[in-house]
Amino acid sequence: MKLRLYDTYARELRDFEPLKPGKAGLYCCGPTVYNYAHIGNLRTYIFEDVLRRTLAFNGYAVLHVMNITDVGHLVSDADSGEDKMEAGARRTGKTAWEIAELYTEAFQRDLRQLNILEPDVWCRATDHIEEQIAMIQCIEANGYTYRTDDGIYFDSSRLVDYGHLARLHKEGLAAGTRVETGDKRNATDFALWKFSPPGVVRQMEWESPWGVGFPGWHIECSAMSVKYLGPLFDIHCGGKDHIPVHHTNEIAQTEACYDTQLANYWLHGYFLQTDQAKMAKSAGEFLRMQTLNDRGYDPLAYRYLCISAHYRSDLNFSWDSLDGASTALERLRTLVYDGPAGGSVEPEFAGRFTAQINDDLNTPRALAVVWDLARSKLDAADRKATLLHIDEVLGLQLAAWKPAEEVIPEEISALVAARQAARAAKDWAQADAARERLQTLGYEVEDTPDGPQVRRRKQVPAD
Ligand code: AMP
Ligand code: ZN
(Lines give C-alpha, C1' and ligand atoms only; values in the text may rest on other atoms or scores of the structure.)
(Ligands and ions follow the chains in the order given, each with its own letter.)
Protein backbone atom coordinates (compact mmCIF):
# COMPACT_ATOMS: atom_id res chain seq x y z
CA MET A 1 0.00 0.00 0.00
CA LYS A 2 2.58 2.52 -1.09
CA LEU A 3 1.56 6.15 -1.28
CA ARG A 4 0.81 7.12 -4.89
CA LEU A 5 0.34 10.71 -5.99
CA TYR A 6 -0.73 12.28 -9.27
CA ASP A 7 2.18 14.34 -10.52
CA THR A 8 1.07 17.08 -12.91
CA TYR A 9 4.61 17.35 -14.29
CA ALA A 10 4.66 13.71 -15.40
CA ARG A 11 0.88 13.62 -15.96
CA GLU A 12 0.68 10.28 -14.18
CA LEU A 13 0.28 8.55 -10.85
CA ARG A 14 3.67 7.91 -9.29
CA ASP A 15 4.73 6.04 -6.18
CA PHE A 16 6.03 8.55 -3.68
CA GLU A 17 9.78 8.16 -3.30
CA PRO A 18 11.31 10.78 -1.01
CA LEU A 19 14.59 12.42 -1.95
CA LYS A 20 15.88 11.82 1.57
CA PRO A 21 14.77 8.63 3.33
CA GLY A 22 12.00 9.19 5.85
CA LYS A 23 11.62 12.89 5.04
CA ALA A 24 9.26 14.92 2.89
CA GLY A 25 9.79 18.56 1.93
CA LEU A 26 6.53 20.28 1.05
CA TYR A 27 6.03 23.78 -0.33
CA CYS A 28 2.54 25.23 -0.73
CA CYS A 29 1.88 28.56 -2.43
CA GLY A 30 0.25 30.76 0.18
CA PRO A 31 -2.33 33.50 -0.14
CA THR A 32 -2.02 36.92 -1.71
CA VAL A 33 -2.99 38.99 1.31
CA TYR A 34 -4.87 41.86 -0.32
CA ASN A 35 -8.25 40.57 0.85
CA TYR A 36 -9.82 37.78 2.89
CA ALA A 37 -9.42 34.22 1.62
CA HIS A 38 -12.59 32.84 0.06
CA ILE A 39 -13.75 29.33 0.80
CA GLY A 40 -12.44 28.24 -2.63
CA ASN A 41 -8.89 29.20 -1.64
CA LEU A 42 -9.45 27.35 1.62
CA ARG A 43 -10.44 24.20 -0.26
CA THR A 44 -6.91 24.15 -1.69
CA TYR A 45 -5.37 24.51 1.79
CA ILE A 46 -7.58 21.69 3.11
CA PHE A 47 -6.34 19.42 0.28
CA GLU A 48 -2.74 20.34 1.13
CA ASP A 49 -3.37 19.63 4.81
CA VAL A 50 -4.75 16.17 3.98
CA LEU A 51 -1.62 15.58 1.89
CA ARG A 52 0.62 16.66 4.75
CA ARG A 53 -1.23 14.47 7.25
CA THR A 54 -1.12 11.52 4.84
CA LEU A 55 2.65 11.90 4.52
CA ALA A 56 2.95 11.91 8.31
CA PHE A 57 0.53 8.94 8.54
CA ASN A 58 2.95 7.07 6.27
CA GLY A 59 5.79 7.82 8.64
CA TYR A 60 7.49 10.73 6.88
CA ALA A 61 8.85 13.65 8.84
CA VAL A 62 7.32 16.54 6.91
CA LEU A 63 8.88 19.98 6.56
CA HIS A 64 6.01 22.19 5.42
CA VAL A 65 6.76 25.66 4.08
CA MET A 66 4.17 28.26 3.09
CA ASN A 67 4.74 31.73 1.74
CA ILE A 68 2.69 34.86 2.16
CA THR A 69 2.49 36.91 -1.03
CA ASP A 70 2.54 40.48 0.22
CA VAL A 71 4.08 42.15 -2.82
CA GLY A 72 4.43 41.73 -6.58
CA HIS A 73 1.25 39.83 -7.55
CA LEU A 74 -0.12 42.01 -10.31
CA VAL A 75 -3.76 42.25 -11.27
CA SER A 76 -2.99 40.62 -14.62
CA ASP A 77 -1.02 37.39 -15.01
CA ALA A 78 0.64 39.03 -18.04
CA ASP A 79 2.64 41.29 -15.68
CA SER A 80 0.57 44.33 -16.38
CA GLY A 81 -1.82 46.32 -14.22
CA GLU A 82 -1.48 47.32 -10.63
CA ASP A 83 0.00 45.34 -7.73
CA LYS A 84 -2.94 43.68 -5.94
CA MET A 85 -1.57 44.92 -2.62
CA GLU A 86 -1.52 48.56 -3.71
CA ALA A 87 -5.04 48.16 -5.14
CA GLY A 88 -6.17 46.57 -1.85
CA ALA A 89 -4.67 49.49 0.06
CA ARG A 90 -6.65 51.95 -2.04
CA ARG A 91 -9.85 49.93 -1.63
CA THR A 92 -9.59 49.88 2.17
CA GLY A 93 -7.93 53.24 2.87
CA LYS A 94 -5.13 51.46 4.79
CA THR A 95 -1.46 51.12 3.84
CA ALA A 96 -0.24 48.11 1.89
CA TRP A 97 1.72 47.03 5.01
CA GLU A 98 -1.38 47.29 7.17
CA ILE A 99 -3.55 45.20 4.89
CA ALA A 100 -0.79 42.57 4.59
CA GLU A 101 -0.87 42.26 8.39
CA LEU A 102 -4.66 42.29 8.61
CA TYR A 103 -5.30 39.64 5.95
CA THR A 104 -2.38 37.43 6.99
CA GLU A 105 -3.85 37.21 10.48
CA ALA A 106 -7.33 36.59 9.10
CA PHE A 107 -5.95 33.81 6.90
CA GLN A 108 -4.14 32.15 9.79
CA ARG A 109 -7.36 32.31 11.83
CA ASP A 110 -9.22 30.59 8.96
CA LEU A 111 -6.63 27.80 8.92
CA ARG A 112 -6.97 27.27 12.67
CA GLN A 113 -10.76 27.10 12.40
CA LEU A 114 -10.42 24.42 9.73
CA ASN A 115 -7.94 22.44 11.86
CA ILE A 116 -5.27 22.89 9.19
CA LEU A 117 -1.86 22.21 10.73
CA GLU A 118 0.31 25.27 10.87
CA PRO A 119 3.25 25.19 8.40
CA ASP A 120 6.67 24.69 10.00
CA VAL A 121 7.88 27.77 8.15
CA TRP A 122 5.90 30.85 7.17
CA CYS A 123 7.79 33.14 4.82
CA ARG A 124 6.77 36.57 3.58
CA ALA A 125 7.91 37.84 0.19
CA THR A 126 8.81 41.24 1.67
CA ASP A 127 11.14 39.59 4.20
CA HIS A 128 13.11 37.89 1.40
CA ILE A 129 13.92 40.68 -1.05
CA GLU A 130 17.64 39.95 -0.77
CA GLU A 131 17.22 36.26 -1.66
CA GLN A 132 15.03 37.20 -4.63
CA ILE A 133 17.57 39.73 -5.92
CA ALA A 134 20.34 37.12 -5.56
CA MET A 135 18.35 34.59 -7.56
CA ILE A 136 17.60 37.11 -10.31
CA GLN A 137 21.34 37.86 -10.47
CA CYS A 138 22.01 34.13 -10.86
CA ILE A 139 19.45 33.88 -13.69
CA GLU A 140 20.97 37.00 -15.27
CA ALA A 141 24.50 35.62 -15.02
CA ASN A 142 23.35 32.47 -16.83
CA GLY A 143 22.01 34.59 -19.69
CA TYR A 144 18.24 34.24 -19.35
CA THR A 145 17.20 37.87 -18.81
CA TYR A 146 16.72 41.11 -20.73
CA ARG A 147 15.78 44.61 -19.75
CA THR A 148 12.78 46.66 -20.94
CA ASP A 149 11.58 50.12 -19.92
CA ASP A 150 9.61 48.68 -17.03
CA GLY A 151 11.68 45.83 -15.70
CA ILE A 152 13.96 42.83 -15.97
CA TYR A 153 12.30 39.97 -17.84
CA PHE A 154 12.88 36.24 -18.15
CA ASP A 155 13.45 35.15 -21.75
CA SER A 156 11.35 31.98 -21.97
CA SER A 157 12.60 31.19 -25.49
CA ARG A 158 16.01 30.39 -24.00
CA LEU A 159 14.70 27.26 -22.26
CA VAL A 160 14.12 24.30 -24.53
CA ASP A 161 11.37 22.80 -22.42
CA TYR A 162 9.75 25.99 -21.11
CA GLY A 163 6.10 25.25 -20.27
CA HIS A 164 6.49 21.47 -19.98
CA LEU A 165 4.43 21.41 -16.76
CA ALA A 166 1.46 22.96 -18.56
CA ARG A 167 2.23 21.31 -21.90
CA LEU A 168 2.39 24.77 -23.45
CA HIS A 169 3.22 24.76 -27.14
CA LYS A 170 5.32 27.78 -27.92
CA GLU A 171 4.79 27.64 -31.67
CA GLY A 172 1.02 27.54 -31.17
CA LEU A 173 1.15 30.45 -28.76
CA ALA A 174 3.20 32.61 -31.07
CA ALA A 175 1.40 31.87 -34.30
CA GLY A 176 -2.18 31.12 -33.33
CA THR A 177 -3.11 33.73 -30.79
CA ARG A 178 -2.44 37.41 -30.81
CA VAL A 179 -1.17 38.25 -27.36
CA GLU A 180 -0.39 41.70 -26.05
CA THR A 181 3.35 41.52 -25.43
CA GLY A 182 4.23 45.19 -24.87
CA ASP A 183 8.00 45.31 -24.74
CA LYS A 184 8.26 41.61 -24.02
CA ARG A 185 10.04 39.53 -26.63
CA ASN A 186 7.80 36.49 -26.23
CA ALA A 187 4.25 36.18 -24.93
CA THR A 188 5.37 33.79 -22.20
CA ASP A 189 8.21 35.98 -20.89
CA PHE A 190 7.60 37.32 -17.40
CA ALA A 191 8.89 39.96 -15.03
CA LEU A 192 11.60 39.12 -12.50
CA TRP A 193 11.97 42.69 -11.28
CA LYS A 194 9.63 45.59 -12.05
CA PHE A 195 10.72 49.21 -11.84
CA SER A 196 8.59 51.60 -9.84
CA PRO A 197 6.79 53.68 -12.50
CA PRO A 198 8.56 57.02 -13.17
CA GLY A 199 7.36 59.73 -10.81
CA VAL A 200 5.45 57.26 -8.63
CA VAL A 201 6.52 56.35 -5.12
CA ARG A 202 5.13 52.92 -4.38
CA GLN A 203 4.32 51.95 -0.80
CA MET A 204 6.47 48.86 -1.25
CA GLU A 205 9.70 49.34 -3.19
CA TRP A 206 13.37 48.49 -2.79
CA GLU A 207 16.79 49.35 -4.20
CA SER A 208 18.24 46.74 -6.54
CA PRO A 209 21.17 46.41 -8.97
CA TRP A 210 18.70 47.31 -11.78
CA GLY A 211 16.88 50.24 -10.18
CA VAL A 212 14.23 50.92 -7.53
CA GLY A 213 11.28 48.60 -7.80
CA PHE A 214 9.81 45.32 -6.58
CA PRO A 215 10.11 41.61 -7.37
CA GLY A 216 7.82 39.76 -9.76
CA TRP A 217 5.36 37.33 -8.22
CA HIS A 218 7.00 34.05 -9.33
CA ILE A 219 10.52 34.75 -8.08
CA GLU A 220 9.41 34.86 -4.45
CA CYS A 221 8.30 31.22 -4.46
CA SER A 222 11.45 29.97 -6.21
CA ALA A 223 13.77 31.95 -3.94
CA MET A 224 12.02 31.05 -0.69
CA SER A 225 11.41 27.37 -1.45
CA VAL A 226 15.08 27.00 -2.41
CA LYS A 227 16.10 28.75 0.81
CA TYR A 228 14.06 26.54 3.11
CA LEU A 229 13.91 23.25 1.19
CA GLY A 230 16.83 23.30 -1.27
CA PRO A 231 16.91 23.61 -5.08
CA LEU A 232 15.20 20.23 -5.50
CA PHE A 233 12.67 19.13 -2.90
CA ASP A 234 9.84 16.62 -2.79
CA ILE A 235 6.41 18.16 -3.35
CA HIS A 236 5.11 21.52 -4.54
CA CYS A 237 1.39 22.29 -4.36
CA GLY A 238 -1.14 24.89 -5.35
CA GLY A 239 -4.48 25.32 -7.06
CA LYS A 240 -4.75 24.22 -10.71
CA ASP A 241 -4.81 27.84 -11.91
CA HIS A 242 -1.10 27.93 -11.00
CA ILE A 243 -0.14 25.36 -13.64
CA PRO A 244 0.15 27.49 -16.81
CA VAL A 245 1.79 30.62 -15.41
CA HIS A 246 2.94 30.71 -11.79
CA HIS A 247 4.34 27.20 -11.42
CA THR A 248 5.55 27.09 -15.01
CA ASN A 249 7.58 30.21 -14.28
CA GLU A 250 8.83 28.97 -10.91
CA ILE A 251 10.23 25.94 -12.75
CA ALA A 252 11.76 28.10 -15.50
CA GLN A 253 13.59 30.25 -12.93
CA THR A 254 14.96 27.28 -11.05
CA GLU A 255 16.05 25.56 -14.26
CA ALA A 256 17.84 28.73 -15.32
CA CYS A 257 19.61 29.10 -11.98
CA TYR A 258 20.03 25.56 -10.58
CA ASP A 259 19.14 23.29 -13.49
CA THR A 260 16.39 21.55 -11.50
CA GLN A 261 12.60 21.35 -11.90
CA LEU A 262 12.36 22.65 -8.30
CA ALA A 263 10.10 19.87 -6.99
CA ASN A 264 10.04 16.16 -7.68
CA TYR A 265 6.22 16.03 -7.58
CA TRP A 266 3.79 18.79 -8.54
CA LEU A 267 0.27 18.46 -7.12
CA HIS A 268 -2.70 20.66 -7.94
CA GLY A 269 -6.08 21.06 -6.30
CA TYR A 270 -9.15 21.66 -8.44
CA PHE A 271 -11.64 24.45 -7.91
CA LEU A 272 -14.52 25.14 -5.67
CA GLN A 273 -17.22 26.58 -7.87
CA THR A 274 -20.49 28.32 -7.38
CA ASP A 275 -23.05 27.79 -10.13
CA GLN A 276 -20.36 26.07 -12.19
CA ALA A 277 -18.12 29.17 -12.16
CA LYS A 278 -14.77 29.43 -10.37
CA MET A 279 -15.02 31.29 -7.11
CA ALA A 280 -12.65 34.28 -7.30
CA LYS A 281 -11.68 37.12 -4.99
CA SER A 282 -11.51 39.49 -7.92
CA ALA A 283 -15.22 38.82 -8.59
CA GLY A 284 -16.06 41.12 -5.64
CA GLU A 285 -18.67 39.27 -3.58
CA PHE A 286 -17.43 35.95 -2.27
CA LEU A 287 -18.04 33.48 0.50
CA ARG A 288 -15.51 33.39 3.28
CA MET A 289 -15.17 31.57 6.59
CA GLN A 290 -16.93 34.39 8.40
CA THR A 291 -19.96 33.98 6.12
CA LEU A 292 -20.26 30.35 7.20
CA ASN A 293 -19.79 31.28 10.87
CA ASP A 294 -22.47 33.96 10.58
CA ARG A 295 -24.86 31.37 9.23
CA GLY A 296 -24.18 29.10 12.20
CA TYR A 297 -22.06 26.46 10.45
CA ASP A 298 -19.24 24.65 12.16
CA PRO A 299 -16.05 25.30 10.11
CA LEU A 300 -15.28 21.59 10.24
CA ALA A 301 -18.50 20.87 8.36
CA TYR A 302 -16.90 22.75 5.48
CA ARG A 303 -13.77 20.63 5.88
CA TYR A 304 -15.95 17.51 5.73
CA LEU A 305 -17.63 18.83 2.58
CA CYS A 306 -14.26 19.38 0.90
CA ILE A 307 -12.93 15.93 1.70
CA SER A 308 -16.13 14.34 0.44
CA ALA A 309 -14.85 15.19 -3.07
CA HIS A 310 -11.55 14.12 -4.63
CA TYR A 311 -9.05 16.98 -4.80
CA ARG A 312 -8.70 16.45 -8.54
CA SER A 313 -12.32 17.19 -9.37
CA ASP A 314 -14.10 20.51 -9.20
CA LEU A 315 -16.63 20.81 -6.40
CA ASN A 316 -19.81 22.80 -6.75
CA PHE A 317 -20.70 24.58 -3.53
CA SER A 318 -24.29 24.60 -2.26
CA TRP A 319 -25.86 25.27 1.11
CA ASP A 320 -27.69 21.95 0.83
CA SER A 321 -24.43 20.05 0.50
CA LEU A 322 -23.02 21.95 3.48
CA ASP A 323 -26.12 20.95 5.48
CA GLY A 324 -25.52 17.33 4.47
CA ALA A 325 -21.89 17.59 5.57
CA SER A 326 -22.96 19.07 8.95
CA THR A 327 -25.31 16.16 9.59
CA ALA A 328 -22.68 13.58 8.63
CA LEU A 329 -20.07 15.23 10.85
CA GLU A 330 -22.50 15.34 13.76
CA ARG A 331 -23.17 11.61 13.42
CA LEU A 332 -19.46 10.75 13.46
CA ARG A 333 -18.84 13.01 16.43
CA THR A 334 -21.71 11.49 18.40
CA LEU A 335 -20.47 8.00 17.62
CA VAL A 336 -17.00 8.83 18.93
CA TYR A 337 -18.34 10.72 21.94
CA ASP A 338 -20.66 7.88 22.94
CA GLY A 339 -18.04 5.17 22.36
CA PRO A 340 -16.19 3.79 25.37
CA ALA A 341 -12.43 4.39 25.68
CA GLY A 342 -9.79 1.65 25.80
CA GLY A 343 -10.38 0.01 22.40
CA SER A 344 -7.75 -0.84 19.84
CA VAL A 345 -7.43 0.00 16.15
CA GLU A 346 -9.12 -2.64 14.04
CA PRO A 347 -6.59 -3.66 11.35
CA GLU A 348 -8.99 -4.53 8.53
CA PHE A 349 -10.82 -1.19 8.50
CA ALA A 350 -7.58 0.71 9.12
CA GLY A 351 -5.99 -1.12 6.18
CA ARG A 352 -8.94 -0.38 3.87
CA PHE A 353 -8.75 3.29 4.83
CA THR A 354 -5.00 3.46 4.22
CA ALA A 355 -5.39 1.82 0.81
CA GLN A 356 -7.83 4.55 -0.26
CA ILE A 357 -5.99 7.54 1.18
CA ASN A 358 -2.69 6.27 -0.24
CA ASP A 359 -4.33 6.01 -3.65
CA ASP A 360 -3.75 9.65 -4.56
CA LEU A 361 -5.66 10.89 -1.50
CA ASN A 362 -8.95 9.33 -2.46
CA THR A 363 -10.89 10.98 0.35
CA PRO A 364 -14.42 10.17 -0.94
CA ARG A 365 -13.59 6.45 -0.96
CA ALA A 366 -11.80 6.78 2.36
CA LEU A 367 -14.99 8.32 3.78
CA ALA A 368 -16.99 5.39 2.41
CA VAL A 369 -14.75 3.14 4.54
CA VAL A 370 -15.44 5.40 7.51
CA TRP A 371 -19.19 4.93 7.03
CA ASP A 372 -18.83 1.16 6.67
CA LEU A 373 -16.96 1.27 9.94
CA ALA A 374 -19.58 3.54 11.56
CA ARG A 375 -22.37 1.13 10.58
CA SER A 376 -20.40 -2.03 11.44
CA LYS A 377 -21.13 -4.31 14.36
CA LEU A 378 -17.58 -3.84 15.61
CA ASP A 379 -17.05 -3.52 19.35
CA ALA A 380 -17.90 0.14 20.20
CA ALA A 381 -14.54 0.82 21.87
CA ASP A 382 -12.56 -0.61 18.92
CA ARG A 383 -14.73 1.32 16.51
CA LYS A 384 -14.00 4.53 18.38
CA ALA A 385 -10.24 3.81 18.44
CA THR A 386 -10.26 3.09 14.69
CA LEU A 387 -12.20 6.28 13.91
CA LEU A 388 -9.73 8.33 15.94
CA HIS A 389 -6.81 6.69 14.12
CA ILE A 390 -8.38 7.60 10.77
CA ASP A 391 -9.07 11.12 11.99
CA GLU A 392 -5.32 11.77 12.15
CA VAL A 393 -5.61 12.12 8.38
CA LEU A 394 -9.13 13.55 8.03
CA GLY A 395 -8.56 16.16 10.73
CA LEU A 396 -12.21 16.45 11.78
CA GLN A 397 -11.26 16.79 15.46
CA LEU A 398 -13.55 13.92 16.40
CA ALA A 399 -11.80 13.44 19.75
CA ALA A 400 -12.27 17.02 20.88
CA TRP A 401 -16.00 17.31 20.35
CA LYS A 402 -18.54 17.42 23.20
CA PRO A 403 -22.29 17.98 22.92
CA ALA A 404 -23.21 21.58 23.71
CA GLU A 405 -24.02 22.04 27.40
CA GLU A 406 -27.72 22.59 27.89
CA VAL A 407 -28.52 26.03 29.28
CA ILE A 408 -31.20 25.73 31.95
CA PRO A 409 -33.34 28.89 32.26
CA GLU A 410 -33.47 30.57 35.67
CA GLU A 411 -37.19 29.95 36.09
CA ILE A 412 -36.55 26.21 35.77
CA SER A 413 -33.63 26.21 38.24
CA ALA A 414 -35.85 28.09 40.71
CA LEU A 415 -38.58 25.45 40.37
CA VAL A 416 -36.04 22.66 40.93
CA ALA A 417 -34.82 24.45 44.09
CA ALA A 418 -38.43 24.91 45.30
CA ARG A 419 -39.09 21.20 44.77
CA GLN A 420 -35.96 20.32 46.75
CA ALA A 421 -37.03 22.58 49.60
CA ALA A 422 -40.53 20.99 49.63
CA ARG A 423 -39.01 17.51 49.68
CA ALA A 424 -36.72 18.46 52.57
CA ALA A 425 -39.79 19.72 54.45
CA LYS A 426 -41.60 16.48 53.50
CA ASP A 427 -44.25 18.58 51.76
CA TRP A 428 -44.90 15.96 49.08
CA ALA A 429 -47.87 17.80 47.57
CA GLN A 430 -45.74 20.91 46.91
CA ALA A 431 -42.90 18.76 45.58
CA ASP A 432 -45.25 16.99 43.13
CA ALA A 433 -46.75 20.29 42.05
CA ALA A 434 -43.28 21.63 41.26
CA ARG A 435 -42.44 18.51 39.24
CA GLU A 436 -45.68 18.81 37.25
CA ARG A 437 -45.04 22.48 36.55
CA LEU A 438 -41.54 21.55 35.28
CA GLN A 439 -43.06 18.92 33.03
CA THR A 440 -45.53 21.37 31.58
CA LEU A 441 -42.62 23.67 30.80
CA GLY A 442 -40.87 20.79 28.99
CA TYR A 443 -38.30 19.67 31.63
CA GLU A 444 -37.82 16.54 33.70
CA VAL A 445 -36.01 16.00 36.98
CA GLU A 446 -34.17 12.88 37.99
CA ASP A 447 -33.03 12.38 41.57
CA THR A 448 -29.46 11.08 41.61
CA PRO A 449 -26.92 10.53 44.42
CA ASP A 450 -25.39 13.87 43.30
CA GLY A 451 -28.68 15.67 43.71
CA PRO A 452 -31.46 16.45 41.23
CA GLN A 453 -30.51 16.49 37.52
CA VAL A 454 -32.75 18.54 35.29
CA ARG A 455 -32.88 18.29 31.51
CA ARG A 456 -35.16 19.14 28.64
CA ARG A 457 -37.68 16.33 28.05
CA LYS A 458 -37.07 14.26 24.94
CA GLN A 459 -39.78 14.81 22.32
CA VAL A 460 -42.09 11.82 22.38
CA PRO A 461 -43.23 11.19 18.81
CA ALA A 462 -47.01 11.46 18.43
CA ASP A 463 -48.80 8.22 17.47
P1 AMP B 1 -4.39 33.45 -4.10
O2 AMP B 1 -4.58 34.00 -2.72
O3 AMP B 1 -5.28 34.07 -5.12
O4 AMP B 1 -2.93 33.49 -4.53
O5 AMP B 1 -4.83 31.92 -4.06
C6 AMP B 1 -4.52 31.06 -3.01
C7 AMP B 1 -4.73 29.60 -3.42
O8 AMP B 1 -6.09 29.32 -3.72
C9 AMP B 1 -3.94 29.21 -4.67
O10 AMP B 1 -3.35 27.93 -4.47
C11 AMP B 1 -5.01 29.15 -5.76
O12 AMP B 1 -4.64 28.26 -6.78
C13 AMP B 1 -6.20 28.64 -4.98
N14 AMP B 1 -7.52 28.97 -5.55
C15 AMP B 1 -7.93 30.12 -6.13
N16 AMP B 1 -9.24 30.06 -6.49
C17 AMP B 1 -9.68 28.83 -6.10
C18 AMP B 1 -10.95 28.14 -6.17
N19 AMP B 1 -12.03 28.71 -6.67
N20 AMP B 1 -11.02 26.87 -5.68
C21 AMP B 1 -9.93 26.27 -5.13
N22 AMP B 1 -8.72 26.87 -5.03
C23 AMP B 1 -8.58 28.13 -5.50
ZN1 ZN C 1 3.89 30.25 -5.44
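Ligands are counted one by one from 1 in listed order, and the atoms in each one are counted from 1 as well. All values below come from the heavy atoms of this structure, side chains included, with hydrogens, waters and symmetry mates left out.
- Between Gln273 and ligand 1 there is no heavy-atom distance shorter than 4.0 Å.
- Put simply, the side chain of Thr8 does not reach to within 4.5 Å of the side chain of Leu267, judged on heavy atoms.
- Geometrically, ligand 1 and Asn41 share a nitrogen or oxygen pair separated by less than 3.5 Å.
- Ion pair Arg14/Asp7 flagged as a salt bridge, since at least one NZ, NE, NH1 or NH2 atom sits closer than 4.0 Å to an Asp/Glu carboxylate oxygen.
- The Zn ion (ligand 2) has Cys29 among its coordinating residues (N/O/S atom, backbone or side chain, under 2.8 Å).
- Ionic pairing of Asp359 and Arg4 is present here: one or more N-O contacts between side-chain nitrogen and carboxylate oxygen are shorter than 4.0 angstrom.
- Ranked by closest heavy atom to atom 13 (C) of ligand 1, the top entry among Thr44, Ile68, Thr32, Val33 is Thr44.
- Looking at Gly239 next to ligand 1, an N or O pair under 3.5 Å apart turns up.
- For the residue pair Asp110 and Gln290, no side-chain donor N or O sits within less than 3.5 Å of a side-chain acceptor on the partner.
- Distance check for Cys221 against the Zn ion (ligand 2): an N/O/S atom falls below 2.8 Å.
- The existence of a salt bridge linking Asp298 and Arg333 is confirmed by a sub-4.0 Å separation between a basic side-chain nitrogen and an acidic carboxylate oxygen.
- Distances below 4.0 Å separate heavy atoms of Asp241 from the following atoms of ligand 1: 11 (C), 12 (O).
- Not one N/O/S atom of His218, from backbone or side chain, sits under 2.8 Å from the Zn ion (ligand 2).
- Here the N, O or S atom of Glu250 that is nearest to the Zn ion (ligand 2) is OE2.
- Less than 4.0 angstrom separates some heavy atom of Tyr270 from each of these atoms of ligand 1: 21 (C).
- With respect to the salt-bridge test (charged N to carboxylate O, under 4.0 angstrom), the residues Arg202 and Glu86 qualify.
- A salt bridge links Arg90 and Glu82; the closest N-O separation between the charged side-chain nitrogens and carboxylate oxygens is under 4.0 Å.
- Inspection of the Glu250 and His236 side chains reveals an N or O donor paired with an N or O acceptor under 3.5 Å.
- Note: no N/O pair closer than 3.5 Å links Phe271 and ligand 1 by distance alone.
- Taking distance alone, with nitrogen or oxygen atoms compared against 3.5 Å, Pro31 stays at or beyond that limit from ligand 1.
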